[in-house]
Amino acid sequence: MPAITTQTPEEIARLQAKILELKKKLKAVIVAHNYQRPEVQDIADFVGDSLELSRKAKEVVDANEIIFCGVHFMAETAAILNPTRPVLLAEGTAGCPMADMIDAADLREWKEKYPRAGVVCYINTTAAVKAECDICCTSANAVGHYVSTKTKKKMILYPGFCITHKRLQAEQVRQAKEAHPEAVVLIHPECAPEVVALGDAVLSTSQMIRFAKESPAQSFLIGTEEGLLHRLKLENPTKTFYLMCNALVCPNMKRTTLDRVLKTMEEQRNRIIIPEDVRLKALRTVERMLAVV
Ligand code: 13P
Ligand code: SF4
């Protein structure tokens, strides 16, 4: 499936109208991550980063169901936080390879090896892994190697990584800086440490949008998934954004198309089910994060 939409504007408008009509009928709320396709972001009631989507999911009380346009762990987090509403993942096969790099059994083994360590998980983890942790974090509050440079505590890092952000190379950042010396460099913390070190600011996706809005700078070099450019351009029409590497495309995020959103809603499929004992343990981990940020 091509990451860039090949449908005509008329087809897009027709599907969007159908989805919005059905959304009304179902009394559903549609939420989408900042990396979703532009035409999917445009039908969402709320578009945000992982932390904002978690907060939003918790607040949904006046809808019958949540249609989640993102990847599996995000829809799971919504279901952890809001057990009162069915959460349907718009595209059931959209997973996150980073979230799948560790499972609950791997983590239990690790905990046995380091029994005195507190356990922090990135939000890109399964509910079963969250259930084994003390607290969770997102790119908007902390992450991985980058956070270890900001604390004096000893950090033992599990070697997980994002296959998409890993594609951005330090040399590409250096070349982009040379070509656009006036531009401010915004890097996502999921990038490799040597890339993160070249950023003027290291930010989550929504933090990048806020930063670009508030900054007097007119141009920005972007080091994150290309889907973010849609909102960056929409919300900052007079500013210029350069993606530093064309390979910054997450294939899983791009699996959600308007056709899939419509089908999921029509057939009421891909409901996220989490065993209640796992959900309650994972909830404690996520709630602790929400209480401190
Ligand atoms: P944020 O939108 O929270 O910065 O996360 C990026 C990401 O890779 C989510 O999968
Ligand atoms: Fe996972 Fe990276 Fe894709 Fe986010 S961008 S869903 S972390 S693979």
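Order of appearance sets the numbers: ligands from 1, and atoms from 1 within every ligand. Residues: numbered from 1 along the sequence shown. What's counted below: heavy atoms across the whole structure, side chains too, no hydrogens, waters or symmetry copies.
The ligand atoms of ligand 2 that sit less than 4.0 angstrom from a heavy atom of Tyr35 are 5 (S).
No donor-acceptor pair closer than 3.5 Å links the side chain of Thr5 to the backbone N or O of Gln7. Thr224 contributes no side-chain N or O that, together with a main-chain N or O of His188, makes up a donor-acceptor pair within less than 3.5 Å.
Under 4.0 Å is where a charged nitrogen must lie from a carboxylate oxygen, and between Arg210 and Glu52 at least one such pair does. A salt bridge is defined here as a Lys NZ or Arg NE, NH1 or NH2 lying under 4.0 Å from an Asp or Glu carboxylate O, and Glu226 with Lys254 meets this definition. Between Glu11 and Arg14, no side-chain nitrogen of the basic residue sits less than 4.0 Å from a carboxylate oxygen of the acidic one, so the salt-bridge criterion is not met.
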List, one per line, each side-chain donor-acceptor pair under 3.5 Å for residues 16-25, sequence neighbours excluded.
| unit_1 | atom_1 | unit_2 | atom_2 | d |
| --- | --- | --- | --- | --- |
| Gln16 | NE2 | Glu39 | O | 2.9 |
| Lys23 | NZ | Asp45 | OD1 | 2.6 |
| Lys23 | NZ | Asp45 | OD2 | 3.1 |

Run the side-chain donor-acceptor check on residues 58-70: report pairs under 3.5 Å with partners two or more places apart or on a different chain.
| unit_1 | atom_1 | unit_2 | atom_2 | d |
| --- | --- | --- | --- | --- |
| Lys58 | NZ | Glu287 | OE1 | 3.2 |
| Asn64 | ND2 | Leu26 | O | 3.3 |
| Glu65 | OE1 | Gln268 | NE2 | 3.4 |
| Glu65 | OE2 | Gln268 | NE2 | 2.9 |

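Asn252 and His72 share no side-chain donor-acceptor pair at under 3.5 Å.
The shortest side-chain heavy-atom distance between Phe241 and Ser219 does not fall under the 4.5 Å cut-off.
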What are the distances between nitrogen or oxygen atoms of ligand 1 and protein nitrogen or oxygen atoms, counting only those under 3.5 Å?
| unit_1 | atom_1 | unit_2 | atom_2 | d |
| --- | --- | --- | --- | --- |
| ligand 1 | 2 (O) | His33 | NE2 | 2.7 |
| ligand 1 | 2 (O) | Thr205 | OG1 | 2.6 |
| ligand 1 | 3 (O) | Ser50 | N | 3.0 |
| ligand 1 | 3 (O) | Ser50 | OG | 2.8 |
| ligand 1 | 3 (O) | Ser139 | OG | 3.0 |
| ligand 1 | 4 (O) | Ser139 | OG | 2.5 |
| ligand 1 | 4 (O) | His188 | NE2 | 2.7 |
| ligand 1 | 4 (O) | Thr205 | N | 3.0 |
| ligand 1 | 5 (O) | Ser50 | OG | 3.4 |
| ligand 1 | 8 (O) | Glu190 | OE1 | 2.9 |
| ligand 1 | 8 (O) | Glu190 | OE2 | 3.1 |
| ligand 1 | 10 (O) | Asn124 | ND2 | 3.3 |

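Counting only protein N, O or S atoms closer than 2.8 Å to atom 2 (Fe) of ligand 2 gives 1.
Among all heavy-atom pairs drawn from Ala247 and Arg167, the shortest one is O-NH1, 2.8 Å.
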